[in-house]
Every structure is written in C-alpha cells, then in structure tokens.
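Note that these values count all heavy atoms, side chains included, but never hydrogens, waters or copies made by symmetry. From a predicted model like this one, the values you see are computed outputs, not experimental measurements.
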Amino acid sequence: MDNTTIIGITSFIIVILFLLFSAFLLSVKTTKKLSNQLLAGFLIITAIDISVFFYHNFIELPPALEMLRIQISAFKDPFLFLYILSVIYSDFKLKWKHLVHVIPWAINIIILLPNFFLVSKEAQIEFLSNFNLTTESYYISVIGKIIEVVYIIAEIYYLLRYRKLLLENYTSKDAFYNYRWVKQLIIFILIGQTLTFIKAIIRDSGDFDVALVNAFRIILLLFGLFFSFWLVFKALLSPKLFRGIAVDLRLSKEMAKGDNNEEKNRIERIMTYMLEYEPFLDPSLTVKSLSEKINIPHRELSVLINQELGQHFFDFVNGYRIEKAKSILKDNAKTKLTILEILYEVGFNSKSSFNTAFKKHTGQTPTAFRKSQ
C-alpha cells in the first residue's frame, strides 16, 4: 500500500469520526449547547479541510465551490477560540462584535476576486491548478500564519487568566476540570499546528521531496486520528465536564482598591471569622460563598485576599485547612484517625490535593509530620 492510499484511507476515517462526533455534540441534551455547537463547527470545518485527500474520488466540485472549500479553513481558529471562551465562561453568548472573526476570510475572498472569482470558468480551473504558485496564495498563506499566531497567543492568555481566576475564587479541585480540559485541548492543537507548519515549510521549499511531504501528511493524519479518539474518550469519561465561570468575573488586580485603614479592619475581620467559625471546613467553599457569610462584597473580598495578603483564595483557604490538620496530627488523643479521615475533616476532598498543599505549607508529608511530633 503506497503513501497516497494510506493518506486517503486515514483522512476518510478522520472525517467520518469528526462528523459523527459533531452530530453527537449537536444532538445531545446539555446546558452547554453553544459550546457544543462551536466545537462541532470547528470539527466540521476541519473535516471539510481534510477531505481534500479523498473527495476527488467521489465528486468533482465547480472551481468556485472548490476555492470556497479551501478558504473555509480560515474559520477553524475563530471557532476554536470562541469555543474556548464558551467553556471558560458559563454565561458566554455570541454577540454582533464576534463578527470581527469573519474578517480574515473576507480578506482572502477580496484578494481572490480579481484573478479568480471575476474570471471565466476556464481561467478559474487554470488558476486552481497552479494555486500554490500564485501571488494570491502567498499573501493568503502569510496572513493566515500571522492570524494563527494571534489566536494562539489569545488562547494562551485566556487560559492563564482562567487559572488565576480559579485560584482567586475557588478551593475545590473540581473547579479546575474545565481548566485542565482547555489546557489539554490547546496543547493538542499546538502540536497539530506545529506539524502542519513543518509540512508547509518542506512543501514550499524550492525542490521538495514528495515522499517526505507525504510522510509528514501521514504523521499529521495519524495524530488527527488519535485526537479523534481522545475527544470521544473525554466525552465518555466526563459527560458533565463543562462548567464555566461568570463572564464578568475579574482578577483582583483589575478591581479598584479602597481606603487602607478600612482594608486593614476588613482583613482582621476576615481572619477572626476564619478562626472562629472555620468556614474552610466546607470543601466547596468559594470566595462568593465566604463573602456572603462575612458580609463583604465578593469582589472586595477577592481584592483583600489577593492584593493585601498576597495570596490566591485557593492558597489562603488551604493555609487554614493545613493548620487545622496540623493541630489534629499533633493531638495524642486523635492518633487513631487516618490521614484520609483527617483530610476530609479539614475540608479537602482528595488525598493528592491534601498531600500537595500540606507539603507546600510545611515542607513535609502529613505522615512525616505526624512521626516528627
């Protein structure tokens, strides 16, 4: 079996898998309907893009329609970017301003108008047969790469901002499921884009090796096949994965600070409340639920903890939990309590997160700390 046959079969399998998974996303009942639609859009466009390796064996598209099929790939990055925003923010909605993401595609069409869309069908066929050698193809490729980099930077920025928001507002590890999913998705996309970039460099070189280009295509398609199975695996493993944060939630440094004396009084009030009422024993404690208990607006509470105390809410609460755990580990009357029982008692919901936090605050594991006492 030669490389061309392998490429055709592999790409056909990927397209079928992407389309089936897209049908699942569009038909399944969920509160994250927009997220599913955006991800399905990304997968469908990717499937249309990949279909170039085999669809000629079944149908012959008119030149204008073939060019539109080629240029539809300009929507992949916008769909992925908007999907990531919809996963991060629970109340994300599409607005008229998001039409700005259509601009790159519109620019490509404008570039192609004079020498392709406004000429005869025979001229279009000739243009398509030498498309990779045309000036239009060069400019479209350069613009596409620049836009691709911009989207990657934007996705990484929102991912890092998302992590900071979670650390400043939540203590439960469950709140980080979305973050890990988006992080893994971006890593997969970056690997795919890197492989595509390498393949493009080899293909666009003056005297390229067809066998080497095809080998890279096979590697890229096999990666796409693995990506397909990974998506299905994630969907089956975590059907309730997608739960975002409020779209208007801001980082503490983005909020205005108030009077210093008032802030000091509020900090003392927070610390007194934490010691007296021990709200940190609740494993699902968030900055919003704590603000309701202590009667301080949650935005102001976030600023106080993150800016004045120099801690994320996640570390702030875990500090109290660890101190509580230390007092239990030191208590001779509670030596029969297991580490697992202690971590649940002080507000943690997993052994791994407890061990990590304990070692971060004390430099020892819980077991080693107990033995040292």
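Of the possible donor and acceptor atoms, none in the side chain of Thr356 sits under 3.5 Å from a partner among the backbone N and O of Ser353.
Not less than 6.0 angstrom separates the ring centroid of Phe42 from the ring centroid of Phe79. Taking the centre of each ring, Tyr158 and Phe81 come in below the 6.0 Å mark. Checked against the 6.0 Å centroid criterion, the rings of Phe92 and His98 qualify as a close aromatic pair. The six-membered or imidazole ring of Phe369 lies away from that of His361, with a centre-to-centre distance of 6.0 Å or more.
A salt bridge does not link Glu148 with Lys145: none of the charged nitrogens is closer than 4.0 Å to a carboxylate oxygen.
The number of heavy atoms from other shown groups lying within 6.0 Å of CZ (Arg163) does not exceed 12.
Applying the side chain to side chain donor-acceptor pair (under 3.5 Å) criterion to Ser291, with sequence neighbours excluded, gives no partner residue. Ser289 pairs by the side chain to side chain donor-acceptor pair (under 3.5 Å) definition with Thr286, not counting sequence neighbours.
Using a 4.5 Å heavy-atom cutoff, the side chains of Phe227 and Ile191 are not in contact.
Put simply, the residue from Val15, Ile16, Ile14 that forms a side-chain contact (heavy atoms from CB on, under 4.5 Å) with Phe12 is Ile16.
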- Assess whether side chain to side chain contact (heavy atoms under 4.5 Å, CB included) is satisfied between Val87 and Leu39, documenting all intermediate values. CA-CA 10 Å; Val87 172; Leu39 181 56; over 6 Å; no
- Query: Would Tyr320 and Glu278 count as a side chain to side chain contact (heavy atoms under 4.5 Å, CB included) if you check the C-alpha gap in whole Å, the side-chain angles of each, and the deciding distance to 0.1 Å?
  - Reply: CA-CA 8 Å; Tyr320 283 95; Glu278 300 184 333; over 6 Å; no
(request) Kindly determine whether Ile70 and Val52 satisfy side chain to side chain contact (heavy atoms under 4.5 Å, CB included), including the steps that lead there. (result) CA-CA 9 Å; Ile70 295 170; Val52 68; over 6 Å; no
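Ring geometry, Phe226 versus Phe223: the interplanar angle falls from 30° to 60°, so the pair is classed tilted. The aromatic rings of Trp181 and Trp230 sit parallel, their planes meeting at an angle under 30°, below the 60° perpendicular limit. By the 30° and 60° cut-offs, the orientation of the rings of Phe127 relative to Phe116 is tilted.
When every heavy atom of Leu301 is checked against every heavy atom of Val287, the shortest pair comes out as CD2-O, 3.5 Å. Closest non-hydrogen pair, Leu17 versus Ser228, comes out as CD1-CB, 3.9 Å. Residues Ala357 and Ile322 share a closest heavy-atom pair of C-CD1, 3.9 Å. The heavy-atom pair separating Ser22 from Ile44 by the smallest distance is OG-CG1, 3.6 Å. Looking at every heavy atom in both residues, Pro283 comes nearest to Arg321 through CA-NH2, 3.7 Å. Taking both residues in full, the closest heavy atoms of Gln364 and Phe358 are given as O-CD2, 3.1 Å, listed atom of the first, atom of the second, then distance.
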